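Computed from a prediction, not measured in an experiment: that's the story for all the values here. Note that these values count all heavy atoms, side chains included, but never hydrogens, waters or copies made by symmetry. For ligands, and for the atoms within them, numbers begin at 1 and follow the listed sequence.
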Amino acid sequence: MAGASAGGTGSGRELVIVGGVSGSGKSTVGALLAQRLEVPFIDADSLHPEANVAKMAAGLPLDDIDREPWLVRIGEVLAEHDSSGLVLACSALKRRYRDTIRSVEPSTIFITLSGPRELIAARMNARTEHFMPASLLDSQLAAFEPLEPGETGADVSVDADIDDIVTAAFRVVRPA
Ligand SMILES: Nc1ncnc2c1ncn2[C@@H]1O[C@H](COP(=O)(O)OP(=O)(O)OP(=O)(O)O)[C@@H](O)[C@H]1O
Ligand SMILES: O=C(O)[C@H](O)[C@@H](O)[C@H](O)[C@H](O)CO
C-alpha cells in the first residue's frame, strides 16, 4: 500500500482529507467517515472559486494555476479545525497539491480513494444533480498521483461496499 498509514493520534481531533478523482466517492465516504470519527465534514467543492466550478461545468479541466489558491484555502480550513478535527473531501490529485496542503497544515492525513475506471464512470453517470461532467474523468485519472512513501495516510479501494470502505478509512486514521 503506497504511503505510510501512520494514522492519527486517536485524539478525536484528526485532520483528514479524503481524496481521489471525481466520482470516486470522496463526498460520500468523507461524510460517513466524519460521522464515525465524530468530527465535522466539509466538501472542498464549496471552497472552489466560482470560476473553477464554471470551468469544470463547461467541461474544461482545472490546471495547477486554477487549483493553487483553492489548495491553500483548504490547508487554512484544516488548520482552523485543529481543535475539533475535520474530514474534508478534496481531490488532492497530485503529490505537489498534497505538499501545498501540508505546507499549511502538516498533520493532515490523506486517504485516497481508487478503483476501476469503469466503476467510477458508472457512478458518475448515475448522478443527476452534479456540475462535474463524466467527460472529465479521464483528465482526473491522468492527473492523479498515488500517495508516495512518506506521505501520511493510505489508499483505499472503492470497489467495495460503502460500509467496508468507510471502515477501512477509519482504520487508517485510528488503527485498531
Ligand atoms: N461505495 C459506493 N458504492 C456505490 N455507490 C457509491 C459508492 N461511493 C459513492 N457512490 C456513489 O457514486 C457517486 C459519486 O460519489 P461522490 O459524489 O461521493 O464522489 P466524489 O468523489 O465526491 O465526486 P466529485 O469529486 O465529483 O464530487 C454518488 O452518486 C455516490 O452516491
Ligand atoms: O481538482 C479538481 O479537478 C477538482 O477539485 C475536481 O476534482 C472537482 O472538484 C470534483 O471532482 C468535482 O466535484
When rounded to the nearest 0.5 angstrom, what is the spacing between [atom1] in [X] and [atom2] in [Y]?
{"X": "S114", "Y": "F144", "atom1": "OG", "atom2": "CZ", "answer": "6.0 Å"}
{"X": "E151", "Y": "T112", "atom1": "CD", "atom2": "OG1", "answer": "8.5 Å"}
{"X": "R98", "Y": "L147", "atom1": "CZ", "atom2": "CG", "answer": "5.0 Å"}

Can [X] and [Y] be counted as an ion pair, charged N to O under 4.0 angstrom?
{"X": "K26", "Y": "D43", "value": "no"}
{"X": "R95", "Y": "E145", "value": "no"}
{"X": "R73", "Y": "E80", "value": "yes"}

**Q.** Heavy-atom gap A89 to ligand 1 smaller than 4.0 Å
**A.**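 Judged by the 4.0 Å heavy-atom criterion, A89 does not count as contacting ligand 1.
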Q) Non-hydrogen atoms of I120 versus ligand 1: any pair closer than 4.0 Å? A) no
For ligand 1, which atoms, with element, lie under 4.0 Å from some heavy atom of [X]?
{"X": "D45", "value": "27 (O)"}
{"X": "I165", "value": "1 (N)"}
{"X": "V21", "value": "21 (O)"}

Looking at [atom], what's its closest protein heavy atom, distance included?
{"atom": "atom 24 (P) of ligand 1", "result": "R127 NH1, 3.5 Å"}
{"atom": "atom 18 (O) of ligand 1", "result": "T28 OG1, 2.7 Å"}
{"atom": "atom 12 (O) of ligand 1", "result": "R123 CB, 3.3 Å"}

Q: Could you check R96 against D99 for salt bridge (charged side-chain N to carboxylate O under 4.0 Å, His left out), going step by step and ending with a plain yes or no?
A: CA-CA 5 Å; R96 62 177 175 275; D99 289 343; over 6 Å; no
Can you give the donor-acceptor pairs under 3.5 Å from side chains of residues 47-61 to other protein atoms, not counting sequence neighbours?
unit_1, atom_1, unit_2, atom_2, d
H48, ND1, N52, ND2, 3.2
N52, ND2, D66, O, 3.2
K55, NZ, D66, OD2, 2.6

Q: Report yes if the side chains of E105 and E76 come closer than 4.5 Å at any heavy-atom pair, otherwise no.
A: no
Q.
Counting C-beta onward and ignoring hydrogens, is there a side-chain heavy-atom pair between L86 and L78 closer than 4.5 Å?
A. yes
Q | Nitrogen or oxygen of D43 less than 3.5 angstrom from that of ligand 1 | A | no
**Q.** Close N or O approach (G23, ligand 1; < 3.5 Å)
**A.** yes
Q: Using a 4.0 Å heavy-atom threshold (strictly under), name the region of A160 that reaches ligand 1: side chain, backbone, both or neither.
A: backbone
Q.
Side chain, backbone, both or neither: which applies to L113 and ligand 1 if a contact is any heavy-atom pair less than 4.0 Å apart?
A. neither
Q: Apply side-chain contact (heavy atoms from CB on, under 4.5 Å) to L33 and I111, showing your working.
A: CA-CA 11 Å; L33 176 62; I111 296 170; 4.0 Å; yes
Q) Where the side chain of R13 meets the backbone of S84, is there a donor-acceptor pair that is under 3.5 Å apart? A) no
Quick check on ligand 2: any N or O pairs to the protein under 3.5 Å? One line per pair.
unit_1, atom_1, unit_2, atom_2, d
ligand 2, 1 (O), R67, NE, 2.9
ligand 2, 1 (O), S91, OG, 2.7
ligand 2, 3 (O), R67, NE, 3.4
ligand 2, 3 (O), R67, NH2, 2.7
ligand 2, 3 (O), Q140, NE2, 2.7
ligand 2, 5 (O), H48, NE2, 3.1
ligand 2, 5 (O), S91, OG, 3.1
ligand 2, 7 (O), S91, OG, 3.4
ligand 2, 7 (O), Q140, OE1, 3.1
ligand 2, 9 (O), D45, OD1, 2.7
ligand 2, 9 (O), H48, NE2, 3.2
ligand 2, 11 (O), S22, OG, 3.4
ligand 2, 13 (O), D45, OD1, 3.4
ligand 2, 13 (O), D45, OD2, 2.4

Q: Carefully, step by step, assess F170 and L37 under the rule side-chain contact (heavy atoms from CB on, under 4.5 Å).
A: CA-CA 7 Å; F170 182 85; L37 292 170; 3.5 Å; yes
Q: Nearest heavy atom to atom 27 (O) of ligand 1 wins, so pick from K26, E129, H130.
A: H130
**Q.** Heavy-atom proximity to atom 19 (O) of ligand 1, best of A134, S22, G25, S27
**A.**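 Minimum heavy-atom distance to atom 19 (O) of ligand 1 goes to G25.
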